[in-house]
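Take a look at the structure set out below.
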Protein chains: 2
Amino acid sequence: MKNSVTIRDVAKHAGVGVGTVSRVLNNNPSVSDLTRQKVLSVIDSLNFSPSQAARRLSRGKTMAVGVVVPFFTNPSVVKRLQGVISVIATSQYDLVLFDVENAEDRDGLLKNIIQREIVDGLLIISLKPSENDVTEIVEANVPTVIVDAEHPGFSRVIVDNVAGARQATEHLIQLGHHQIAYLNDDPTNPFNNAPTHDRYQGYLQALEGAGIPVRAGYYRQGTLDRESARHLTRELLQLPDPPTALFVYSDTQAIGVLEAARDLGLNVPEDFSVIGYDDIEAAKLLHLTTIRQSLYESGVIGGQLLLEQMLEPSLEPDEVVLETELIVRGTTAPLSS
Amino acid sequence: MKNSVTIRDVAKHAGVGVGTVSRVLNNNPSVSDLTRQKVLSVIDSLNFSPSQAARRLSRGKTMAVGVVVPFFTNPSVVKRLQGVISVIATSQYDLVLFDVENAEDRDGLLKNIIQREIVDGLLIISLKPSENDVTEIVEANVPTVIVDAEHPGFSRVIVDNVAGARQATEHLIQLGHHQIAYLNDDPTNPFNNAPTHDRYQGYLQALEGAGIPVRAGYYRQGTLDRESARHLTRELLQLPDPPTALFVYSDTQAIGVLEAARDLGLNVPEDFSVIGYDDIEAAKLLHLTTIRQSLYESGVIGGQLLLEQMLEPSLEPDEVVLETELIVRGTTAPLSS
DNA sequence: ATGCTCAATGGAACCGGTTCCATAATGGGC
DNA sequence: GCCCATTATGGAACCGGTTCCATTGAGCAT
């Protein structure tokens with residue numbers, strides 16, 4: 001493990017001082033070409049590589065970026081992370097991955113990351129930091145960017161979830177549906193509640209715009225997993241006056257919805273239309289009509305914003321809003337009866 | 001970014017030496033209870049947290065584990081990584097993620113990781129290290145474990161791909177199929193060719209065991225993406241004497257196969273049976289008959305093996321072979337004509 | 001009382017880079 | 001020739017922990 005060649009060895013072999021070797025290593029112009037070549041030649045022949053640990057200590061930089069994601073419970077996160085990876089891989093930073101699955105984990109983890117000073121910047125994905133976290137992050141001066149969540153103190157990449165949800169619901173309305181239910185995420189979950197709130201608002205706005213009264217019985221909320229959605233959909237479809245169409249908070253839940261329809265012998269979309277949200281990989285496979293948000297691109301932009309922030313810490317927080325897109329596939333159709 | 005409280009501050013406030021503070025921080029027993037309590041109290045009131053950079057330098061340990069994965073091109077990797085994360089998250093190590101997409105990237109990346117000494121251990125997933133890499137890793141004494149690839153110098157978690165592939169092919173044979181084609185990965189790809197070779201062997205063994213002659217025209221190989229598989233399957237299905245069943249190297253390719261069948265108006269499984277390999281998430285969604293390998297568990301075991309290796313570097317390389325399991329869903333059926 | 005052993009402690013040296021200040025050399029202007 | 005400014009360089013101090021050796025004190029055995 002121990003690298004036996006140090007900067008002092010290089011200096012001795014090259015007949016220069018350690019300061020000169022350091023200057024060469026860091027492309028400092030105050031080295032003559034002759035001296036620079038001599039040092040580089042010794043570095044090569046000794047196969048010297050500077051110790052990152054020593055560099056971290058003396059420079060006060062870790063050259064690593066922390067990425068905090070709910071890796072297990074939010075499938076859209078994989079695509080976002082791919083975008084992040086593609087950006088960070090071209091930078092000089094390493095990517096340290098932190099998984100967080102619930103609000104309790106989140107509170108301890110972010111504080112721990114900050115305290116240990118193991119990253120130069122932080123990218124938080126699909127997770128809303130607590131006010132306590134925000135205070136610590138700001139005090140610690142750690143450049144931070146949020147993707148798919150919001151806080152005014154940080155740069156962020158989001159989509160207009162109100163517009164996206166309105167789009168989804170309007171699509172169903174345009175197909176002639178008036179009995180449109182909405183299956184939501186849990187809006188009281190402190191983990192990340194802005195998209196939850198916004199998508200519901202969009203749904204309500206579309207109904208209102210079309211003069212369709214809101215029916216309390218057509219609203220359900222659950223967790224992001226398929227089973228919960230399957231169960232809740234069965235409830236909806238077994239109402240005396242069931243909905244003919246369902247807008248679902250996420251594609252993952254929409255898969256459970258499709259399963260529920262099959263459970264009850266309903267044909268989708270002939271008997272029952274379903275529209276999801278996200279356009280994750282599985283949506284394509286299942287020909288799910290959905291609202292696409294550019295998951296990969298959100299990661300790319302998030303990564304870029306963070307690198308910029310780390311380069312220019314005085315930058316004001318920026319907000320990039322990505323558009324959503326209606327993707328019509330095979331789970332929505334005009335009202336048939 | 002700069003943590004203003006150092007070990008010297010704590011020592012001064014507690015009226016002890018820095019060695020004593022360090023002993024308290026590291027649970028060294030050579031500290032009296034009275035002194036220990038005094039130091040801990042000061043640590044608490046000053047909100048002191050030791051600098052990781054300084055610790056790394058003085059201890060010669062980074063407290064980080066590197067995980068090298070082809071994150072974009074191999075969907076089974078996500079599930080394996082989840083297993084790894086679940087283990088590393090319970091350890092004292094941070095997870096540094098490295099993405100590698102082809103053999104060229106691999107060669108530079110592994111060397112770079114080793115040279116920079118930024119991880120205490122390495123977990124390589126679905127990627128076969130080059131002999132050059134192996135030499136450097138061994139010389140550098142970096143504990144390393146491989147998942148879903150093989151090298152005798154390292155501990156590894158693999159599945160018996162010969163048996164798995166034989167199982168898949170035997171399933172088709174038991175359904176009455178004799179015209180069974182095989183769609184492989186590229187066996188000349190140095191990235192990770194053992195599974196490619198082994199699954200083909202398993203396919204051949206099953207044919208041989210059933211006395212079915214091998215037909216050269218029933219073999220195709222391509223890349224791991226759906227489009228390649230779609231194209232190659234169309235070739236197979238348009239032969240004068242097309243296969244009635246297809247064993248596919250991976251579920252991802254199998255999705256492309258299903259698309260090709262649909263392209264040609266074939267019903268799966270009535271007209272054409274398809275069996276994949278991996279049991280990734282999408283297999284469940286598409287009711288794909290497949291060979292399940294415990295992707296998550298392979299990550300868990302890989303992580304555990306690595307932690308053990310780091311604790312006991314003299315441990316001999318170990319090999320954990322996971323079993324495969326036939327998962328019959330809706331894409332295979334008895335020969336109908 | 002003396003000597004030995006062990007526990008507890010302080011702090012200098014060290015880890016391996018970076019940085020900054022002192023110094024020397026060179027070139028240009030007067 | 002002298003002075004000033006600039007460039008290039010060496011190396012001590014520093015980053016903030018850990019470790020190891022020297023020292024002290026206490027307890028026990030002779």
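Residue numbering restarts at 1 for every chain, and letters A, B, ... go by the order of the sequence lines.
Annotation: the span from B/T188 atom OG1 to B/N193 atom CG amounts to 8.5 Å, rounded to 0.5 Å. Note: B/N74 CG to B/K79 NZ = 14.0 Å, rounded to the nearest 0.5 Å.
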query = Stepwise, does the side-chain contact (heavy atoms from CB on, under 4.5 Å) test hold for B/Q293 with B/L322?
reply = CA-CA 7 Å; B/Q293 52 169 331; B/L322 297 182; over 6 Å; no

- side-chain contact (heavy atoms from CB on, under 4.5 Å) between A/V320 and A/I158, intermediate numbers included: CA-CA 6 Å; A/V320 178; A/I158 57 174; over 6 Å; no

**Message:** Quick one, B/V65 with B/L122, criterion side-chain contact (heavy atoms from CB on, under 4.5 Å). Give me CA distance, side-chain angles, the key distance, then yes/no.
**Reply:** CA-CA 6 Å; B/V65 161; B/L122 206 47; over 6 Å; no

Going 5' to 3' through nucleotides 22-28 of chain C and flagging B where a protein heavy-atom sits under 4.0 Å of the base, S where only the sugar-phosphate is that close, and - otherwise, we get -------

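For the contact set between residues 11-24 of chain A and DNA chain C, defined by any heavy atom under 4.0 Å, the members are A/G19, A/S22, A/R23. Of the residues in residues 31-41 of chain A, those placing a heavy atom less than 4.0 Å from an atom of DNA chain D are A/V31, A/S32, A/T35, in numerical order.
Regarding A/E117, its CD atom lies at a distance of 10 Å from the C1' atom of D/dG16, rounded to whole Å. Atoms CD1 (B/I7) and P (C/dC14) sit 19 Å apart, rounded to a whole Å. Across the protein-nucleic acid pair, A/I118 atom CD1 and D/dG16 atom P stand 18 Å apart, rounded to whole Å. Rounded to whole angstrom, the span from the CG atom of B/N28 across to the C1' atom of C/dA8 amounts to 10 Å. Taking atom CZ of residue A/R8 and atom P of nucleotide D/dA13, one finds them 13 Å apart after rounding to whole Å. Atoms CG (B/L25) and P (C/dT9) sit 14 Å apart, rounded to a whole Å. For B/N26 and D/dG17, the CG to C1' distance is 9 Å, given to the nearest whole Å.
Judged purely by atom type and a 3.5 angstrom limit, B/S298 has no side-chain atom pairing as donor or acceptor with the backbone of B/Y296.
In this structure, B/K111 does not pair ionically with B/D133, as no charged nitrogen and carboxylate oxygen lie closer than 4.0 Å. Between B/D148 and B/R156 no salt bridge is recorded (no basic side-chain N to carboxylate O distance below 4.0 Å).
The side chain of B/S30 lies closest to C/dT9, out of D/dG17, C/dT9, D/dC15. Minimum atom distance to the side chain of B/L57 is reached by C/dG16, of the listed D/dT18, C/dG16, C/dT18.
Remark: the A/E319 side chain and the A/S155 side chain contain no N/O donor-acceptor pair separated by less than 3.5 Å. A donor-acceptor contact closer than 3.5 angstrom is absent between the side chains of A/S130 and A/N132.
OP1 and OP2 of D/dG17 both lie 4.0 Å or more from every side-chain N or O belonging to B/R59.
Applying the side chain to side chain contact (heavy atoms under 4.5 Å, CB included) test between B/Y93 and each of B/T62, B/L307, B/V87 identifies B/L307 as the sole match.
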